[in-house]
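See below for the structure under consideration.
Quick note on labels: first sequence line is chain A, next is B, and so on, each numbered from 1.
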Amino acid sequence: MPELPEVEVLVRHLRPLLQNKTIRNVQVNRARVLTPTSPGQLRKALGGATFSGLSRRGKYLLFKLRNQANLETRLLIGHLGMTGRMYLAPSRHLLPKHAAVVLNLGAQNFIFEDTRYFGRFTLDQTAVTKLGPEPLSTDFSLQLFQRALKRSQQPIKAKLLDQSLVAGIGNIYASEALFRAGIWPRTKANRLRPEQVRRLWRAIREVLASAIKFGSTVPLSYARSGRGDGLFYFGKSDDAPGFYEERLQVYDRARLPCMVCGHKVRRIRQAGRSTFYCPKCQSRQKSGV
DNA sequence: CACCATGTTCCTTG
DNA sequence: CCAAGGAACATGGT
């Protein structure tokens, strides 16, 4: 469920709630999400530790923990996969069906729930070290982006999902950024003209920043599905018709009119995943192919 | 039964 | 060795 903006909003939400809370108990219901850490290793590292910081890198959550006894600092890595959620709930509440890991903090539990168990809750940092620059920081320079794209013959849509190119873009914002930049998704990365690369570079940051801004306005309750659960990127919701209108321009809008020109939005398949685009606003011709 | 799903990693192929 | 594509992971919705 998460791409960079959703994770950023979640991190901002959780940071003050976890700060200085001490872990009394560690319950692992699905060892797979810890891989390659073992349940024993996790219990040993987290038991009795205190949350001292929370940040984000790409789609990963970085929990800083202080060990009370020896003042050592540990890093816990979280990733929501496709369907993960993290939230606090009263300890007396029943645990959800797919609670993968539960950290008891006293009166509250910190719950990592994940129906498909694609997420991660681990001490292993290797995935994070392989990430490319943060798109919203100055590390993500136009020059770096240009040089990386020059070396790839992949369709630009697929390339945007490469987390070593730039961290945090997923299937939704890849389509959105290309729409905003007016680029045909099948254009080979190394065939993009310089001005297209620059437009895409800008569009990536605009699309992500505006999603964070939007997400920050949504009243959150991560424990329940629906409007307030932080899954604000989906343009549908029963309990709030119109709430998400005009947030996403093309994603999940196959056969619906383009919000800019009215042409039918098209869905295609690239590297096994759906891409949405407007054939008129993002024509092959315009993309110079 | 069919196909779809916000992600990453591993395996195969070229 | 590298790059690119597809399958696998696991569960649920339509």
Rounding to an integer number of angstrom, what distance separates B/dC11 and C/dA10 when you compare their P atoms?
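Per the computed distance, 15 Å lies between those P atoms.
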
Give me the distance, rounded to whole Å, that separates B/dA5 from C/dA4 when you measure between the P atoms they each carry.
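Each nucleotide's P atom is 23 Å from the other's.
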
May I have all residue pairs that pass side chain to side chain donor-acceptor pair (under 3.5 Å) and include part of residues 33-46 of chain A, sequence neighbours excluded?
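As it turns out, the side chain to side chain donor-acceptor pair (under 3.5 Å) pairs with a partner in residues 33-46 of chain A, which skip direct neighbours, are A/Thr37-A/Thr122, A/Ser38-A/Gln41.
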
With heavy-atom distances below 4.5 Å as the criterion, would you say the side chains of A/Leu14 and A/Phe110 are in contact?
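A side-chain contact exists here, since the closest heavy-atom pair is under 4.5 Å.
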
Which residues pass the side chain to side chain contact (heavy atoms under 4.5 Å, CB included) test with A/Pro16, not counting sequence neighbours?
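Expected list: none.
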
Which residues satisfy the side chain to side chain contact (heavy atoms under 4.5 Å, CB included) test with A/Gln125, sequence neighbours excluded?
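With sequence neighbours excluded, A/Gln125 shows a side chain to side chain contact (heavy atoms under 4.5 Å, CB included) to A/Leu75, A/Ile77, given in chain and number order.
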
Side chain of A/Ser274, heavy atoms from C-beta onward: which of B/dC4, B/dT8, C/dA4 has the nearest atom to it?
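The closest nucleotide is B/dC4.
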
Shortest side-chain distance from A/Asn171, nucleotide among B/dG7, C/dA4, B/dT8
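Nearest listed nucleotide: B/dG7.
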
Report the distance from atom [atom1] of [X] to atom [atom2] of [N], rounded to the nearest whole Å.
X: A/Lys59; N: B/dT8; atom1: NZ; atom2: C1'; answer: 9 Å
X: A/Gln163; N: C/dA3; atom1: CD; atom2: P; answer: 17 Å
X: A/Leu4; N: B/dG7; atom1: CG; atom2: P; answer: 11 Å
X: A/Leu165; N: B/dG7; atom1: CG; atom2: P; answer: 15 Å
X: A/Lys130; N: B/dT9; atom1: NZ; atom2: P; answer: 6 Å
X: A/Leu149; N: C/dA4; atom1: CG; atom2: C1'; answer: 16 Å
X: A/Arg186; N: C/dA4; atom1: CZ; atom2: C1'; answer: 15 Å
X: A/Leu161; N: C/dA3; atom1: CG; atom2: P; answer: 17 Å

Quick one: on DNA chain B, does A/Ala127 or A/Phe276 contact a more 5' nucleotide (nearest heavy atom)?
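Residue closer to the 5' terminus by nearest nucleotide: A/Phe276.
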
What pair of heavy atoms forms the shortest contact from A/Ser274 to A/Lys157, and how long is it?
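Between these two residues, the closest heavy atoms are O-NZ, 3.4 Å.
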
Any idea which heavy atoms bring A/Lys159 and A/Ala189 closest together, and the distance?
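Reported closest heavy-atom pair: CG-CB, 4.4 Å.
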
So among A/Lys59, A/His13, A/Arg56, which one has a side-chain hydrogen bond (donor to acceptor under 3.5 Å, both in side chains) with A/Glu8?
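By the side-chain hydrogen bond (donor to acceptor under 3.5 Å, both in side chains) criterion, A/Glu8 pairs with just one of A/Lys59, A/His13, A/Arg56: A/Arg56.
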
Just to verify, what does A/Phe179 make a ring-ring contact (aromatic ring centres under 6.0 Å, His included) with, not counting sequence neighbours?
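Once residues adjacent in sequence are excluded, A/Phe179 has no partner under the ring-ring contact (aromatic ring centres under 6.0 Å, His included) criterion.
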
Secondary-structure stems, DNA chain B, at least 3 Watson-Crick or G-U base pairs under 3.5 Å
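Stems found: B:2-5 with C:11-14, B:7-14 with C:2-9.
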
Can you check whether A/His79 has a side-chain N or O nearer than 4.0 Å to OP1 or OP2 of B/dG7?
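A/His79 to B/dG7 OP1/OP2: no side-chain N or O under 4.0 Å.
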
B/dT9 phosphate, OP1 or OP2, under 4.0 Å from A/Arg120 side-chain N/O
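No, A/Arg120 has no side-chain N/O under 4.0 Å of OP1/OP2 on B/dT9.
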
Which nucleotides of nucleotides 5-14 of chain C have their base under 4.0 Å from a protein heavy atom (B), which only their sugar-phosphate (S), and which neither (-), written as one string 5' to 3'?
SS--BBBS--

So A/Arg151, base contact, sugar-phosphate only, or nothing? Heavy-atom distance under 4.0 Å.
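Answer is nothing: A/Arg151 stays at 4.0 Å or more from every strand.
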
Any chance the side chains of A/Thr50 and A/Thr22 put a donor and an acceptor closer than 3.5 Å?
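A pair is found: one side chain offers a donor N or O, the other an acceptor, under 3.5 Å apart.
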
Considering the options A/Thr73, A/Leu18, A/Ile23, which one meets the side-chain contact (heavy atoms from CB on, under 4.5 Å) requirement together with A/Leu65?
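Among A/Thr73, A/Leu18, A/Ile23, the one meeting side-chain contact (heavy atoms from CB on, under 4.5 Å) with A/Leu65 is A/Ile23.
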
